[in-house]
Amino acid sequence: MSRVCLIDHPLVQHKLTYIRDKNTNSKEFRELVDEVALLMAYEVTRNLRLEDTMVETPIGPCPTRIISGQDVGVIAILRAGLGMIGGILKLIPNAKVGHIGLYRDPETLQPVEYYCKLPADIAQRELIVVDPMLATGGSAAAGIQAIKDRGGRRIRLMCLIAAPEGIQTVQERHPDVDIYVAAIDECLNSQGYIVPGLGDAGDRLFGTK
Ligand code: PRP
Ligand code: URA
(Lines give C-alpha, C1' and ligand atoms only; values in the text may rest on other atoms or scores of the structure.)
(Ligands and ions follow the chains in the order given, each with its own letter.)
Protein backbone atom coordinates (compact mmCIF):
# COMPACT_ATOMS: atom_id res chain seq x y z
CA MET A 1 0.00 0.00 0.00
CA SER A 2 1.26 3.48 -0.86
CA ARG A 3 2.08 6.09 1.77
CA VAL A 4 -0.02 9.20 2.37
CA CYS A 5 2.10 12.13 3.53
CA LEU A 6 0.24 15.08 5.06
CA ILE A 7 2.46 18.14 4.77
CA ASP A 8 1.49 20.16 7.83
CA HIS A 9 4.34 22.68 7.74
CA PRO A 10 3.05 25.98 9.21
CA LEU A 11 3.84 27.94 6.03
CA VAL A 12 1.85 25.48 3.91
CA GLN A 13 -1.09 25.49 6.32
CA HIS A 14 -1.07 29.29 6.60
CA LYS A 15 -1.14 29.77 2.83
CA LEU A 16 -3.76 27.07 2.37
CA THR A 17 -6.10 29.06 4.61
CA TYR A 18 -6.02 31.96 2.14
CA ILE A 19 -6.30 29.61 -0.85
CA ARG A 20 -9.53 28.21 0.64
CA ASP A 21 -10.98 31.66 1.43
CA LYS A 22 -13.72 32.55 -1.06
CA ASN A 23 -12.67 36.21 -0.87
CA THR A 24 -9.20 35.47 -2.32
CA ASN A 25 -9.15 36.69 -5.93
CA SER A 26 -7.62 34.84 -8.90
CA LYS A 27 -4.34 36.76 -8.85
CA GLU A 28 -3.75 36.01 -5.16
CA PHE A 29 -5.01 32.45 -5.59
CA ARG A 30 -2.49 31.78 -8.39
CA GLU A 31 0.37 33.27 -6.35
CA LEU A 32 -0.53 31.23 -3.28
CA VAL A 33 -0.88 27.95 -5.20
CA ASP A 34 2.52 28.61 -6.78
CA GLU A 35 4.09 29.23 -3.35
CA VAL A 36 2.50 26.18 -1.74
CA ALA A 37 3.59 23.96 -4.65
CA LEU A 38 7.18 25.12 -4.11
CA LEU A 39 7.01 24.41 -0.38
CA MET A 40 5.42 21.01 -0.92
CA ALA A 41 8.03 20.09 -3.54
CA TYR A 42 10.67 20.42 -0.84
CA GLU A 43 9.00 17.53 1.01
CA VAL A 44 8.05 15.51 -2.07
CA THR A 45 11.69 15.44 -3.22
CA ARG A 46 13.08 14.60 0.21
CA ASN A 47 14.15 11.05 -0.73
CA LEU A 48 15.72 11.73 -4.14
CA ARG A 49 19.01 9.89 -4.28
CA LEU A 50 22.27 11.83 -4.03
CA GLU A 51 25.61 10.88 -5.53
CA ASP A 52 29.08 11.89 -4.43
CA THR A 53 31.00 14.49 -6.39
CA MET A 54 33.84 16.98 -5.91
CA VAL A 55 33.98 20.75 -6.39
CA GLU A 56 36.80 23.22 -5.94
CA THR A 57 35.93 25.94 -3.45
CA PRO A 58 38.15 29.06 -3.40
CA ILE A 59 40.01 27.32 -0.56
CA GLY A 60 40.42 23.81 -1.94
CA PRO A 61 38.78 20.55 -3.01
CA CYS A 62 35.44 19.74 -1.35
CA PRO A 63 33.75 16.33 -1.39
CA THR A 64 30.04 17.03 -1.77
CA ARG A 65 26.81 15.59 -3.22
CA ILE A 66 24.43 16.24 -6.10
CA ILE A 67 21.08 14.74 -7.09
CA SER A 68 21.97 11.62 -9.04
CA GLY A 69 21.30 10.94 -12.74
CA GLN A 70 17.64 10.09 -12.13
CA ASP A 71 16.17 13.29 -13.50
CA VAL A 72 12.80 14.64 -12.50
CA GLY A 73 9.64 15.02 -14.58
CA VAL A 74 6.65 17.03 -13.44
CA ILE A 75 3.30 16.20 -15.00
CA ALA A 76 0.34 18.54 -14.70
CA ILE A 77 -3.21 17.32 -14.93
CA LEU A 78 -4.97 20.09 -16.89
CA ARG A 79 -6.20 22.57 -16.23
CA ALA A 80 -5.69 23.12 -12.55
CA GLY A 81 -2.39 21.25 -12.29
CA LEU A 82 -0.82 24.01 -14.38
CA GLY A 83 -1.00 26.26 -11.33
CA MET A 84 1.48 24.05 -9.48
CA ILE A 85 4.14 23.74 -12.19
CA GLY A 86 5.85 27.11 -11.77
CA GLY A 87 6.53 26.67 -8.06
CA ILE A 88 8.17 23.29 -8.59
CA LEU A 89 10.27 24.56 -11.49
CA LYS A 90 11.67 27.29 -9.24
CA LEU A 91 13.21 24.50 -7.15
CA ILE A 92 14.00 22.05 -9.98
CA PRO A 93 14.51 24.24 -13.05
CA ASN A 94 15.79 21.40 -15.24
CA ALA A 95 12.77 19.18 -14.68
CA LYS A 96 10.93 18.18 -17.86
CA VAL A 97 7.21 18.97 -17.90
CA GLY A 98 4.38 16.80 -19.21
CA HIS A 99 0.68 17.61 -19.61
CA ILE A 100 -2.36 15.35 -19.42
CA GLY A 101 -5.68 16.93 -20.33
CA LEU A 102 -8.57 15.47 -18.35
CA TYR A 103 -11.94 16.85 -17.43
CA ARG A 104 -14.61 15.37 -15.24
CA ASP A 105 -17.89 14.68 -16.96
CA PRO A 106 -20.30 16.71 -14.80
CA GLU A 107 -22.99 13.99 -14.94
CA THR A 108 -20.97 10.82 -14.39
CA LEU A 109 -17.94 12.43 -12.64
CA GLN A 110 -15.81 10.12 -14.83
CA PRO A 111 -12.56 11.57 -16.26
CA VAL A 112 -12.35 12.16 -20.01
CA GLU A 113 -8.85 12.38 -21.54
CA TYR A 114 -8.42 14.99 -24.31
CA TYR A 115 -4.65 15.54 -24.44
CA CYS A 116 -1.42 13.82 -23.44
CA LYS A 117 2.13 15.02 -24.10
CA LEU A 118 4.87 13.57 -21.91
CA PRO A 119 8.68 13.74 -21.93
CA ALA A 120 10.04 11.02 -24.22
CA ASP A 121 12.22 9.53 -21.48
CA ILE A 122 9.64 9.26 -18.67
CA ALA A 123 10.73 5.69 -17.94
CA GLN A 124 14.06 7.05 -16.65
CA ARG A 125 12.61 9.87 -14.56
CA GLU A 126 11.29 10.39 -11.07
CA LEU A 127 7.80 11.67 -11.86
CA ILE A 128 5.70 14.07 -9.80
CA VAL A 129 2.05 14.28 -10.89
CA VAL A 130 0.38 17.51 -9.78
CA ASP A 131 -3.29 18.44 -9.44
CA PRO A 132 -4.63 20.67 -6.65
CA MET A 133 -7.75 18.56 -6.04
CA LEU A 134 -8.11 14.83 -5.35
CA ALA A 135 -11.89 14.43 -5.12
CA THR A 136 -13.28 11.08 -6.34
CA GLY A 137 -9.72 10.27 -7.43
CA GLY A 138 -10.89 9.37 -10.93
CA SER A 139 -8.79 12.05 -12.69
CA ALA A 140 -5.59 11.30 -10.77
CA ALA A 141 -5.97 7.54 -11.20
CA ALA A 142 -6.61 7.95 -14.95
CA GLY A 143 -3.69 10.37 -15.32
CA ILE A 144 -1.34 7.99 -13.52
CA GLN A 145 -2.57 5.12 -15.72
CA ALA A 146 -1.87 7.20 -18.85
CA ILE A 147 1.68 7.75 -17.60
CA LYS A 148 2.19 4.05 -16.82
CA ASP A 149 0.82 3.09 -20.25
CA ARG A 150 3.58 5.24 -21.78
CA GLY A 151 6.36 3.74 -19.67
CA GLY A 152 6.41 5.88 -16.50
CA ARG A 153 7.24 3.83 -13.40
CA ARG A 154 8.50 5.90 -10.48
CA ILE A 155 5.52 8.15 -9.78
CA ARG A 156 4.36 10.25 -6.83
CA LEU A 157 1.20 12.34 -6.63
CA MET A 158 1.07 15.83 -5.12
CA CYS A 159 -2.28 17.54 -4.39
CA LEU A 160 -3.32 20.45 -2.20
CA ILE A 161 -6.58 19.02 -0.86
CA ALA A 162 -7.80 15.41 -0.90
CA ALA A 163 -11.07 13.77 0.03
CA PRO A 164 -10.81 10.37 1.74
CA GLU A 165 -12.60 8.85 -1.29
CA GLY A 166 -9.89 10.12 -3.65
CA ILE A 167 -7.07 8.76 -1.52
CA GLN A 168 -8.77 5.37 -1.37
CA THR A 169 -9.26 5.26 -5.17
CA VAL A 170 -5.63 6.08 -5.93
CA GLN A 171 -4.35 3.65 -3.30
CA GLU A 172 -6.51 0.85 -4.69
CA ARG A 173 -5.63 1.46 -8.36
CA HIS A 174 -2.01 2.51 -7.87
CA PRO A 175 -0.61 1.01 -4.66
CA ASP A 176 2.91 1.93 -5.81
CA VAL A 177 2.22 5.70 -5.91
CA ASP A 178 2.83 7.74 -2.75
CA ILE A 179 0.42 10.64 -2.20
CA TYR A 180 1.45 14.04 -0.79
CA VAL A 181 -1.29 16.41 0.37
CA ALA A 182 -1.58 19.61 2.39
CA ALA A 183 -5.03 18.68 3.76
CA ILE A 184 -7.44 15.77 3.94
CA ASP A 185 -11.00 17.11 4.07
CA GLU A 186 -14.26 15.57 5.25
CA CYS A 187 -16.13 14.26 2.21
CA LEU A 188 -17.58 15.00 -1.22
CA ASN A 189 -20.89 16.76 -1.84
CA SER A 190 -23.51 15.51 -4.31
CA GLN A 191 -21.72 17.29 -7.21
CA GLY A 192 -18.41 15.65 -6.33
CA TYR A 193 -16.86 18.78 -4.81
CA ILE A 194 -14.61 18.43 -1.80
CA VAL A 195 -16.22 19.68 1.45
CA PRO A 196 -15.13 22.21 2.63
CA GLY A 197 -12.36 22.24 -0.04
CA LEU A 198 -11.77 25.43 -1.98
CA GLY A 199 -14.39 25.28 -4.73
CA ASP A 200 -13.44 24.72 -8.36
CA ALA A 201 -9.66 24.97 -8.56
CA GLY A 202 -9.50 25.56 -12.33
CA ASP A 203 -12.11 28.32 -12.25
CA ARG A 204 -10.45 30.03 -9.30
CA LEU A 205 -6.99 29.86 -10.91
CA PHE A 206 -8.08 31.17 -14.27
CA GLY A 207 -11.06 33.33 -13.33
CA THR A 208 -13.47 31.41 -15.52
CA LYS A 209 -16.51 31.68 -13.23
C1 PRP B 1 -10.70 19.10 -11.26
C2 PRP B 1 -9.38 18.94 -10.57
C3 PRP B 1 -9.05 17.50 -10.80
C4 PRP B 1 -10.42 16.86 -10.76
C5 PRP B 1 -10.59 16.18 -9.44
O6 PRP B 1 -10.54 19.21 -12.62
O7 PRP B 1 -8.39 19.81 -11.03
O8 PRP B 1 -8.42 17.24 -12.04
O9 PRP B 1 -11.37 17.91 -10.91
O10 PRP B 1 -11.78 15.45 -9.41
P11 PRP B 1 -11.80 13.87 -9.31
O12 PRP B 1 -10.80 13.48 -8.28
O13 PRP B 1 -13.21 13.59 -8.89
O14 PRP B 1 -11.49 13.30 -10.66
P15 PRP B 1 -11.78 19.51 -13.58
O16 PRP B 1 -12.38 18.24 -14.08
O17 PRP B 1 -12.73 20.47 -12.92
O18 PRP B 1 -11.10 20.16 -14.86
P19 PRP B 1 -10.36 21.57 -14.99
O20 PRP B 1 -9.10 21.50 -14.16
O21 PRP B 1 -10.06 21.62 -16.45
O22 PRP B 1 -11.29 22.64 -14.53
N1 URA C 1 -12.52 19.65 -8.67
C2 URA C 1 -12.37 20.86 -8.09
O3 URA C 1 -11.85 21.80 -8.72
N4 URA C 1 -12.78 21.01 -6.83
C5 URA C 1 -13.36 20.01 -6.14
O6 URA C 1 -13.72 20.23 -4.97
C7 URA C 1 -13.52 18.78 -6.76
C8 URA C 1 -13.08 18.61 -8.03
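Numbers here are sequence positions counted from 1. These values consider heavy atoms only, across backbone and side chains, with no hydrogens, waters or symmetry-generated copies. First listed ligand is number 1; within each ligand, the first listed atom is number 1.
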Tell me whether ligand 2 is touched by Gly192 - counting only heavy atoms on the residue side and a distance under 4.0 Å.
yes
Exercise for review: Mind running side-chain contact (heavy atoms from CB on, under 4.5 Å) on Ile161 and Leu16 for me, showing each step along the way?
Suggested key: CA-CA 9 Å; Ile161 303 179; Leu16 185 59; 4.1 Å; yes
Logged contact type for Ala135 with ligand 1, heavy-atom cut-off 4.0 Å, is both
Examine Leu38 and Met158 and state if one hydrophobic cluster contains both, with Ile, Leu, Val, Met, Phe, Trp and Tyr joined whenever side-chain heavy atoms are less than 4.5 Å apart.
yes
Counting from 1 in the order shown, the ligand 1 atoms closer than 4.0 Å to a non-hydrogen atom of Arg104 are 10 (O), 11 (P), 13 (O), 14 (O), 16 (O)
Salt bridge check, Asp178 against Arg3: does any charged N sit closer than 4.0 Å to a carboxylate O? yes
Looking only at heavy atoms, the pair that brings Ala146 and Ile100 closest together is CB-CD1, 4.2 Å
request  = May I ask whether Leu198 and Tyr193 are part of the same hydrophobic cluster, defined by side-chain heavy atoms of I, L, V, M, F, W, Y residues being less than 4.5 angstrom apart, directly or through others?
outcome  = no
among protein heavy atoms, the one nearest atom 11 (P) of ligand 1 is Thr136 OG1, 3.3 Å
for atom 5 (C) of ligand 2, nearest protein heavy atom and its distance come out as Tyr193 CD2, 3.4 Å
* Should the heavy atoms of other residues, nucleotides or ligands under 6.0 Å from OH of Tyr18 be counted, would the total exceed 12? -> no
Taking every heavy atom of Pro111 against every heavy atom of Leu102, the minimum-distance pair comes out as CB-CD2, 4.3 Å
Counting heavy atoms under 4.0 Å, the part of Leu78 that contacts ligand 1 is backbone
Candidates Ile194, Asp203, Asp185; heavy atom nearest atom 6 (O) of ligand 2 found on Ile194
Exercise. Would you find more than 12 non-hydrogen atoms of other residues, nucleotides or ligands less than 6.0 Å from Lys96 atom NZ?
Worked result: no
If you scan protein heavy atoms around atom 18 (O) of ligand 1, the nearest is Leu102 O, 4.0 Å
For the 3.5 Å polar cut-off, considering only N or O atoms, please tell me whether Tyr114 and ligand 1 meet it.
no
For atom 17 (O) of ligand 1, the closest protein heavy atom turns out to be Asp200 OD2, 4.1 Å
One finds that the ligand 1 atoms under 4.0 Å from a non-hydrogen atom of Gly137 are 11 (P), 12 (O), 13 (O)
Heavy-atom proximity to atom 2 (C) of ligand 1, picking from Val170, Asp131, Leu205, points to Asp131
For Tyr103, the ligand 1 atoms with a heavy-atom partner under 4.0 Å come out as 16 (O)
**Asked** Counting distance only, does the side-chain N/O of Glu186 pair as donor-acceptor with the main-chain N or O of Val195 below 3.5 Å?
**Response** no
Open item on the list: Closer than 3.5 angstrom, by distance alone: can the side chain of Arg65 be matched with the main-chain N or O of Arg49 as a donor-acceptor pair?
Closed with: no
Ligand 1 atoms nearer than 4.0 angstrom to some heavy atom of Ala80 are 7 (O), 20 (O)
When Ile184, Leu188, Leu160 are each screened for side-chain contact (heavy atoms from CB on, under 4.5 Å) with Ile194, the one that passes is Leu188
If we number the atoms of ligand 2 from 1 as shown, the ones under 4.0 Å from a heavy atom of Ala135 are 7 (C), 8 (C)
Of Gly192, Ala76, Ser139, the residue with the heavy atom nearest atom 4 (C) of ligand 1 is Ser139
Polar contacts were defined as any N/O atom of the residue lying under 3.5 Å from an N/O atom of the ligand; does this apply to Pro132 and ligand 1? no
Can you check whether Ile7's main-chain N or O pairs, donor with acceptor, with Gln13's side chain at less than 3.5 Å?
-> yes
Indicate if Leu39 and Ile179 have the same hydrophobic cluster label, given that clusters are the connected sets of ILVMFWY residues with side-chain heavy-atom separations under 4.5 angstrom. no
Looking at ligand 1, is there an atom of it that comes within less than 4.0 Å of some heavy atom belonging to Pro111?
no
Practice item. Specify whether the nearest protein heavy atom to atom 6 (O) of ligand 1 is under 4.0 angstrom away. Key: no
Atom 22 (O) of ligand 1 has as its nearest protein heavy atom Arg79 NH2, 2.9 Å
The protein heavy atom nearest to atom 4 (N) of ligand 2 is Gly199 O, 2.8 Å
task: Work out whether the distance between some heavy atom of Leu109 and some atom of ligand 1 is less than 4.0 Å.
output: no
Query - Contact check, Arg204 vs ligand 2, heavy-atom distance below 4.0 Å - result: no
A student checking ligand 2 against Ala201 at a 4.0 Å heavy-atom cut-off should list atoms 2 (C), 3 (O)
Basic-acidic side-chain contact under 4.0 Å: Arg79, Asp203
yes
